[in-house]
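Have a look at the structure below, then the notes.
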Amino acid sequence: MPVPEHPATAPSNTSSTDPSSSSPTPPTEHGRSEATRLLCAGVYFDGQFRRRVIQELVEHEERPIAPSLGYDALPVLAHALQARRRETQTGLLLLAVWAVFIGLDLADVGAQTLLPVPWFLAYAAVCVVSWLARGTRSSLFALGRSVIKEATRGRLKAVLPVLPFLIAVVYWAAVLLTLFRGGDAWIAVVFPILLVPPVWAYRTHVVSVMRHQLSRDAFAKGRRVTLPATAQYQRIGAAIAREQHARLAIYDPFRPFVGAGTPYKPWSVAMELKQTWAEPGEPAEGDPPPRPQPLSFTKSRPGTGTAPLTGREVVDLIKPRLEALRTSAAATSRDRLRSLEVEELVYLPVGLPREEVDYAPDTIRDHLDRAVGEGAEARRHFLRVRVGAWDEQVAICLLVRIHTQGGMLVLEVAPHVLTPVRPEFKSVDVLAAHGGDGPLRDAVRGVLTSPSAGCAAVVSLGQATVSLFRTWLAMPQYALPDAPAASVRELGSVAELSLFQEMDISRYVKTLQDRIANGVQEALRNKGYETGVFDQYIINVGEGGVFIGGMSGGAVASGERASAKHTDTSTDTGGGRG
């Protein structure tokens with residue numbers, strides 16, 4: 001019985017016990033990648049990034065995870081939950097200190113002060129301004145200049161970095177003057193000091209994690225952090241391990257390629273398949289040749305025994321050419337093509353609840369065998385070609401779809417690019433090398449960062465409380481099925497690329513597209529089909545043109561901003577550099 005196109009009728013009561021069985025690259029390799037390490041460190045540095053990770057993977061448990069290309073989402077989620085738990089504990093402790101501070105200050109209303117407001121309000125202003133200057137997305141562990149740079153743009157660039165310092169000077173000057181005049185200001189001195197030890201302890205914990213878990217050597221050899229041993233997190237962890245490296249992906253029509261990156265000049269070709277051989281009873285020499293007829297896909301050409309061209313034949317010709325790039329690059333250079341990944345995968349529309357989607361290797365293989373070349377609207381077969389460059393900081397992913405239906409060959413190529421992980425996450429290496437040197441230096445840092453860190457901890461405590469309550473109230477495991485909405489890797493990436501990275505992306509994409517085109521050309525020639533029209537398409541795509549759909553009439557566009565218009569006598573080609 002054929003496997004239906006929609007996943008709602010696929011087998012549902014089995015699951016893959018080995019999540020790596022359907023992936024050519026073992027998950028252990030992704031779990032030790034540089035991208036994984038930096039994303040794990042990023043949850044300690046960027047509170048907003050940590051909240052988005054938890055929101056996508058925990059609060060929306062009904063969504064399958066997006067394909068994890070070149071990284072492992074499990075340790076990232078484990079570190080995010082660990083960082084949130086430690087920040088919550090620190091926030092509770094700081095909140096208790098603040099409660100005592102406010103209570104004693106209000107009880108001592110008759111104390112002499114040089115400020116028009118109570119001491120706790122004055123120091124609260126110092127904390128809030130320091131926190132705002134560092135950026136509302138900063139975590140309890142402040143990074144300093146990288147976060148300040150984000151928060152200080154435009155006319156405030158010269159003001160915000162200095163403003164917290166000025167307010168702190170005003171506060172401590174008022175405290176010292178009050179003490180000098182014999183006033184009672186011991187509360188204003190003691191309680192800011194009491195806020196330092198919790199922050200210092202948290203910073204010490206983060207530095208320890210960077211040195212002993214997330215440094216390059218420790219991350220490559222050490223034991224991974226695991227999810228909390230509760231039924232909820234174990235269920236989520238099992239689902240992520242089953243889905244993130246599988247060759248089956250669930251998609252929403254409005255966000256089909258979540259996790260692959262940003263589209264990079266997608267193109268497609270649709271051409272009619274025409275035979276080049278002569279049919280029986282062809283006219284004598286000198287007579288005008290008959291017009292080639294479209295290929296009929298209902299039966300083979302009589303007397304030849306040649307079967308119609310299938311999508312499987314084209315895919316099987318493309319894959320060896322791509323894999324040869326990996327072999328030649330490994331033998332002759334250090335090019336990243338030596339780690340080229342080539343695999344087939346199938347995309348299924350969202351339909352079944354998450355726990356009922358079958359990721360068993362046999363089921364995925366059956367989907368792949370039936371989906372290749374069928375040209376369906378819902379179930380779609382792709383050949384995924386991926387290159388992880390710059391230590392997985394830049395990843396190029398080509399999604400190739402081929403189908404031959406109704407006498408047509410349709411080739412769709414959708415390149416995607418994953419941009420680098422945020423540069424501030426690389427602070428893990430600085431902390432791992434020097435963060436634990438000198439307790440005096442760490443103590444001074446704790447004193448200087450405690451105002452903003454205390455405010456960040458209280459905000460984090462409130463956000464964690466809301467997140468836990470929202471998850472408890474919504475019960476996302478029983479929500480309507482949904483497709484991935486965001487990728488952990490994309491959430492932790494920047495939009496900018498360096499010139500060298502742009503050059504490498506262009507080189508990889510052009511090289512891979514050339515091998516794909518050669519495979520399609522050979523498949524056409526082997527089956528006796530004309531290739532002239534396809535050759536023209538490929539030449540112009542290689543020069544920078546982008547083709548979407550068929551090219552009725554033969555209009556050709558060349559260049560990144562080119563346009564073309566077909567007329568009866570000529571083809572006008574717009575400008576633009578190829």
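The figures that follow rest on heavy atoms only: side chains count, while hydrogens, waters and symmetry mates do not.
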Task: Test item: Ser427 side-chain N/O and Glu424 main-chain N/O as donor-acceptor pair under 3.5 Å - done: yes
Open item on the list: Closer than 3.5 angstrom, by distance alone: can the side chain of Tyr251 be matched with the main-chain N or O of Ala378 as a donor-acceptor pair?
Closed with: yes
TODO: Using a strict 4.0 Å threshold on nitrogen-to-oxygen distance, state whether Arg63 and Glu56 make a salt bridge.
DONE: yes
Task: Full working for salt bridge (charged side-chain N to carboxylate O under 4.0 Å, His left out) between Arg52 and Asp46 - done: CA-CA 10 Å; Arg52 289 294 306 277; Asp46 191 331; over 6 Å; no
- [ ] Report yes or no: does Ser487 contribute a side-chain atom to a donor-acceptor pair with the main-chain N or O of Ala66 at less than 3.5 Å?
- [x] no
Task: Heavy-atom closest pair, residues Ala485 and Arg255 - done: CA-NE, 3.4 Å
Task: Flag, side chain of Arg224 to backbone of Arg32, donor-acceptor distance under 3.5 Å - done: no
Open item on the list: Under a 3.5 Å cutoff, is there a donor and acceptor pairing between the side chains of Ser493 and Arg489?
Closed with: yes
Open item on the list: Can a donor-acceptor pair be found, under 3.5 Å and without considering hydrogens, that links the side chain of Glu243 to the backbone of Ile65?
Closed with: yes
Open item on the list: Could you check whether His381 and Arg401, counting side-chain N and O atoms only, form a donor-acceptor pair closer than 3.5 Å?
Closed with: no
TODO: State whether the side chain of Thr419 and the backbone N or O of Val494 hold a donor-acceptor pair below 3.5 Å, judged by distance alone.
DONE: yes
- [ ] Please step through salt bridge (charged side-chain N to carboxylate O under 4.0 Å, His left out) for the pair Glu355 and Arg235, ending with a clear verdict.
- [x] CA-CA 10 Å; Glu355 67 276 4; Arg235 181 178 65 247; over 6 Å; no
Task: Audit row: Phe425, Phe49, ring pair (Phe, Tyr, Trp, His ring centres under 6.0 Å) steps and yes/no - done: CA-CA 11 Å; Phe425 293 174; Phe49 170 61; 5.5 Å; yes
Task: Closest heavy-atom pair and its distance - Ala35, Gly70 - done: CB-O, 4.2 Å
Task: Close side-chain approach of His367 and Leu348, heavy atoms under 4.5 Å - done: yes
Open item on the list: If I compare all heavy atoms of Val258 with all of Pro484, which pair ends up nearest, and what's the gap?
Closed with: CG2-O, 3.6 Å
- [ ] Determine the minimum heavy-atom distance between Thr465 and Leu461, stating which atoms define it.
- [x] OG1-O, 2.8 Å
Task: Exam field: side chain Gln501 to backbone Ser498, donor-acceptor pair closer than 3.5 Å - done: yes
TODO: Check whether any side-chain N or O of Ser460 sits under 3.5 Å from a backbone N or O of Ala456 as a donor-acceptor pair, and report yes or no.
DONE: no
Open item on the list: If we ignore hydrogens and angles and just use 3.5 Å, is the side chain of Gln234 paired with the main-chain N or O of Pro228 as donor and acceptor?
Closed with: yes
Task: Where Leu214 and Tyr44 come nearest, the two heavy atoms and their spacing - done: CD1-CE1, 4.2 Å
Open item on the list: Any salt bridge linking Asp429 with Lys426? Criterion: basic side-chain nitrogen under 4.0 Å from a carboxylate oxygen.
Closed with: no
TODO: Using only heavy-atom distances, determine whether the side chains of Thr36 and Asp72 contain a donor-acceptor pair under 3.5 Å.
DONE: no
Task: Side chains of Phe191 and Val100 in contact at under 4.5 Å (non-hydrogen atoms) - done: yes
Task: Residues Glu374, Arg379: salt bridge by 4.0 Å N-O rule - done: yes
Task: Aromatic plane relationship, His416 with Phe257 - under 30° parallel, 30 to 60° tilted, over 60° perpendicular - done: perpendicular
Task: Candidates Gln463, Gln55, Glu87 - the one meeting side chain to side chain donor-acceptor pair (under 3.5 Å) with Arg50 - done: Glu87
Task: Side-chain heavy atoms of Trp472 within contact of Arg470, under 4.5 Å - done: no
Task: Backbone of Thr204 reached by a side-chain donor or acceptor of Ser208 within 3.5 Å - done: no
Task: Side-chain ion pair, Asp217 and Arg211, N-O less than 4.0 Å - done: no
Open item on the list: Looking at Leu473, I want to see if its CG is surrounded by more than 12 non-hydrogen atoms of other residues, nucleotides or ligands under 6.0 Å.
Closed with: yes
Task: Ion pair Glu341/Arg384, N-O distance below 4.0 Å - done: no
TODO: Would you check if Thr471 and Pro476 make a side-chain contact, meaning some heavy-atom pair closer than 4.5 Å?
DONE: yes
